[in-house]
Amino acid sequence: MLTCNVESPKMKQLTELRSRRWFADAGMRGFAHRQRMQQQGWRREDVMERPMVAIINTWSDLSPCHAHLSERAESVKKGILMAGGYPVELPAMSLGEVMVKPTTMLYRNFLAMEVEELLRSLPCDAVVLLAGCDKTTPGTLMGAFSMDIPTIFCPAGTMLNDRYVKGGVSRTVGAGTHTRMFWDEYQAGNLGSTELQHLESRMTRAPGTCNTMGTASTMTGIAEALGLTLPGASSIPAMDSAHTRMATACGERIVGMVWEDLKPSQLVTRGSFQNALAVQMALGGSTNAAVHIIAMAGRLGIELLLDDLDSMGAQVPVLANLFPSGDRLMEDFYYAGGLPALMKVIEPFLSLQERTVTGRTVAQELASVQVLDTEVIRPLDKPVSRAGALAVLRGNLAPDGAVIKPSAATERLLCHTGRALVFDCQAEMLAAIADETLDCDENTILVLRNAGPVGAPGMPEWGNLPIPKKLLKQGVRDMLRLSDARMSGTHYGTCVLHISPESAVGGPLALVRNGDVIELDVAQRRLHLQVSDTELEARRVAWSGPKPLVQRGFTRLYQQHVTQAHQGCDFDFLQGNALSPEPVIY
Ligand code: FES
């Protein structure tokens, strides 16, 4: 697993290490730097003769998906020491998806900046990133890309399956998808509060990220497809001993990468992103990836467009039989061979000469891989869904694009015309859907605006608007829903998301009124508001944007500099691959 196979690598010399600027300095500063490391019990030769490897750890007491990462950091340290490196653990913003309000997306770029600046301001020769819960994967990777030192991503791993028994029938349940499913049944009166409390204590029964194909598993899978994890790492359950061994192996391998000077800019190419897109589609991955993958590519100076995603979505069917598109969980995916097995099936869509952190090519890594359960990882001619994990829509309502996940939608709604019921904010929408006299039926199109990157702010996961309570009681479980928000990757339903430009900056979504007719035709990639251009122009003249809610701090910075969804929601001043200068040491 660990042997380096780089052809004729030009090995870095000890004197070329970045950390030498701190520790080999002949002046008073070098004296002070070495002194302070010895204060902590290290020997002079440790800092003078070993590469210093940072472990960015996104552990916290409020990040249950990362509850085990302090232990895993110890395993990474063990690997680094065994390979002759010097490990340093650096805590970073943990961004536990469920606890952070208003949304972790508000802080993805904050984490990326934190990682980049930690690595730049400290004597780090390389980095192992310990992360996994939704935004922590793109956040840490974006920071590491912008710093461009040797990098391995060590995925947190997923939580274990749970079983739900009702009426003598036992079925597998996991986090996210089933949370929404059971809550809807509770709202509809089909589930009692005692049973709900039992589920509350069981469904997330172990440390690790959500075990459906949510954003976490989508993004760690993408990290692996980009070549930034050890092969197979993203599919290992967090509580499997193989996960601990993988963490040790990350520590061991990163030291080799220091001497090979194997940096993200050399490993990750446009072809690597082609592989990432193919994996996203075959996994039935989260729509959130559309935002993150464009932002990640942007940090390496690679322009990815929504059209690139749509094109891959049209070619690669959903093959991983995982919630919400299928009916299994990540633990089953691991037993079926995990991501390498899935990549083996989609080899025709991959750029096989791309390299991974091992130094080997994707083709070499996949040479002896097999699928172990074809019910979980389907062959190309027997997919879970041919509808695709992602489609990009355009029209007068979304000039710069919007996305939908056809594989998790209701087929009859993929071509639908209906009347809009518009909500200007989340609070208004929540009050309305609880009102059992709300004027709507199953063909109504629910529209939420002011929920985009600038408007919310932070583009929260509000796009899976709840079904109105009165319709839930009538048995309705899906409706067409439109917004400039995102949706949790664990959720399902016919939800048009990421409408761009968003309403708060004057996108056409701002001009929709109750009763307007909207047409969706996913096959034609069309999203159209049946209102004349003249009328829309008149509404635009009368429109005035919402007042900014926040006047200070990070949120203000965010609203001033975040880009739109189709551009990845990165900060405008962080896009591109120009490196910042190294700090002056004096
Ligand atoms: Fe952390 Fe789902 S809440 S991965």
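Because the structure is a prediction, the values reported are computed rather than measured.
Looking only at side-chain heavy atoms (C-beta outward), Thr220 and Thr209 stay at 4.5 Å or farther from each other. Inter-residue side-chain proximity for Phe333 and Leu283 is flagged as met; some heavy-atom pair is nearer than 4.5 Å. Two residues are said to be in side-chain contact when any heavy atoms from C-beta on lie closer than 4.5 Å; Cys133 and Thr104 fail this criterion. No side-chain heavy atom of Lys469 sits less than 4.5 Å from a side-chain heavy atom of Leu438. Taking 4.5 Å as the limit, some side-chain heavy atom of Ile346 sits within range of a side-chain heavy atom of Val316.
Between the side chains of Ser325 and Ser407, a donor-acceptor pair is found at a separation under 3.5 Å. Side-chain atoms of Thr194 and Gln197 form no donor-acceptor pair, as typed in the model, at a separation below 3.5 Å. The closest side-chain donor-acceptor pair between Arg355 and Thr361, if any, does not fall under 3.5 angstrom.
Between Met343 and Leu350, the shortest heavy-atom distance links the atoms O-CD1, 3.4 Å. Minimum heavy-atom separation, Ala276 to Leu226: CB-CD2, 3.8 Å. Looking at every heavy atom in both residues, Ala175 comes nearest to Thr212 through O-OG1, 3.1 Å. Here the shortest heavy-atom pairing between Ala188 and Arg477 reads CB-NH2, 3.6 Å. Here the closest non-hydrogen pair linking Gln280 and Ala389 is O-CB, 4.2 Å. Across every non-hydrogen atom of Ala565 and Ser500, the tightest pair is N-OG, 4.2 Å.
At distances below 3.5 Å, at least one donor-acceptor pair connects side-chain atoms of Arg108 with backbone N or O atoms of Cys569. Between the side chain of Ser351 and the main chain of Glu354, no donor-acceptor pair closer than 3.5 Å is present. Between the side chain of Arg253 and the backbone N or O of Leu230 there is no donor-acceptor pair closer than 3.5 Å. Under a 3.5 Å cut-off, the side chain of Ser385 and the backbone N or O of Val318 do not form any donor-acceptor pair. In this structure, His498 contributes its side chain and Val403 its backbone to no donor-acceptor pair below 3.5 Å. Side-chain atoms of Lys382 do not come within 3.5 Å of backbone N or O of Thr374 as any donor-acceptor pair. The closest donor-acceptor contact from the side chain of Thr444 to the backbone of Asp441 lies under 3.5 Å. Here the side chain of Ser217 pairs no donor or acceptor atom with the backbone of Gly214 at under 3.5 angstrom.
Tyr107 and Phe110 have perpendicular rings, their planes meeting at more than 60° on a 0 to 90° scale where under 30° would count as parallel.
We find that Glu375 and Arg378 are joined by a salt bridge, their nearest charged nitrogen and carboxylate oxygen being less than 4.0 Å apart. Using a cutoff of 4.0 Å between basic side-chain nitrogens and carboxylate oxygens, Arg525 and Asp310 are scored as salt-bridged. Ion pairing between a basic and an acidic side chain is recognised when a charged N comes within 4.0 Å of a carboxylate O; Asp570 and Arg299 show such pairing. Ion pairing between Asp478 and Arg481 holds under the 4.0 Å rule for side-chain N and carboxylate O. By the 4.0 Å N-to-carboxylate-O rule, Lys166 lies too far from Glu185 to be salt-bridged with it.
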Kindly indicate, with the supporting measurements, whether the criterion side-chain hydrogen bond (donor to acceptor under 3.5 Å, both in side chains) is fulfilled by Ser286 and Thr215. CA-CA 5 Å; Ser286 164; Thr215 305; 2.9 Å; yes
Pair Arg449-Ser483, side-chain hydrogen bond (donor to acceptor under 3.5 Å, both in side chains): steps then yes or no: CA-CA 6 Å; Arg449 62 186 166 210; Ser483 73; over 6 Å; no
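Heavy atoms of other residues, nucleotides or ligands lying less than 6.0 angstrom from NZ of Lys78 number 12 at most.
When ring centroids are compared, Phe323 and His178 come within the 6.0 Å threshold.
For the side-chain hydrogen bond (donor to acceptor under 3.5 Å, both in side chains) with Arg486, the lone residue among Asn464, Asn288, Thr287 that qualifies is Asn288.
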